[in-house]
Amino acid sequence: NSSILCGGEDFARVYTTGAPSHWGRLGLLAGSSNSSLKHTVVEYASASAAIAAATTSFTFSNNVVRHNLQSGLVISPASVGPAVALLDSEFSDNGVHGATID
């Protein structure tokens with residue numbers, strides 16, 4: 001079980017200074033379950049995805065993902081299923097895609 005919970009009702013910023021490619025990425029790794037990313041701003045990543053999700057179940061809600069060099073969120077095919085929730089999030093100004101299933 002892994003979680004990144006930031007800010008509760010308010011948005012918290014994770015890696016907020018710089019320009020696209022300022023840092024690598026956040027990873028939700030295979031083998032983890034019940035992961036979540038909520039109420040977070042993620043920006044300026046350099047990897048192929050600012051957030052790479054390979055976990056079997058996760059909740060992604062009320063996030064802003066923007067200004068990343070490539071894609072904002074990439075979900076691996078193993079993650080797709082009834083245990084994946086993408087809710088009320090905004091994707092903008094990402095170099096390739098906002099969110100995609102790879």
Side-chain angles (χ1 to χ4, degrees):
N1 186 13
S2 61
S3 297
I4 299 172
L5 302 172
C6 297
E9 301 264 332
D10 297 320
F11 283 88
R13 292 188 178 263
V14 177
Y15 303 110
T16 61
T17 60
S21 78
H22 188 74
W23 59 280
R25 72 171 170 209
L26 298 175
L28 301 172
L29 303 176
S32 62
S33 62
N34 301 317
S35 299
S36 62
L37 186 65
K38 300 177 181 179
H39 298 280
T40 305
V41 175
V42 179
E43 51 192 7
Y44 306 125
S46 65
S48 59
I51 305 154
T55 180
T56 56
S57 63
F58 74 99
T59 301
F60 188 88
S61 71
N62 299 295
N63 298 301
V64 174
V65 181
R66 64 185 178 204
H67 310 308
N68 295 294
L69 187 63
Q70 296 192 40
S71 293
L73 170 66
V74 174
I75 303 168
S76 75
S79 297
V80 178
V84 174
L86 301 176
L87 308 164
D88 301 318
S89 294
E90 176 185 325
F91 298 87
S92 64
D93 194 31
N94 294 292
V96 181
H97 301 287
T100 189
I101 297 172
D102 189 18

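Position 1 is the first residue of the sequence; numbering continues from there.
- Arg25 is not listed as a side-chain neighbour of Val42, based on a closest heavy-atom distance of 4.5 Å or more.
- At least one side-chain heavy atom of Phe60 sits under 4.5 Å from a side-chain heavy atom of Ser89.
- Between the side chain of Asn68 and the backbone N or O of Tyr44, at least one donor-acceptor pair lies under 3.5 Å.
- The same ILVMFWY cluster, assembled from side-chain heavy atoms under 4.5 Å apart, contains both Val84 and Leu26.
- Considering all non-hydrogen atoms of both residues, Leu86 and Leu73 come closest at CD2-CD2, 3.9 Å.
- A 4.5 Å side-chain heavy-atom check between Lys38 and Asn62 finds every atom pair outside the cut-off.
- Hydrophobic clustering of Ile, Leu, Val, Met, Phe, Trp and Tyr side chains at less than 4.5 Å, counting indirect connections, keeps Leu69 apart from Val41.
- The two residues Val96 and Ser71 come nearest to each other via the heavy atoms CB-OG, 3.7 Å.
- Considering only heavy atoms from C-beta on, Asn94 comes within 4.5 Å of Val65 through its side chain.
- The heavy-atom pair separating Ala45 from Gly24 by the smallest distance is CB-O, 3.2 Å.
- Of the residues Leu37, Ile51, Ile75, the one that meets the side chain to side chain contact (heavy atoms under 4.5 Å, CB included) test with Phe58 is Ile75.
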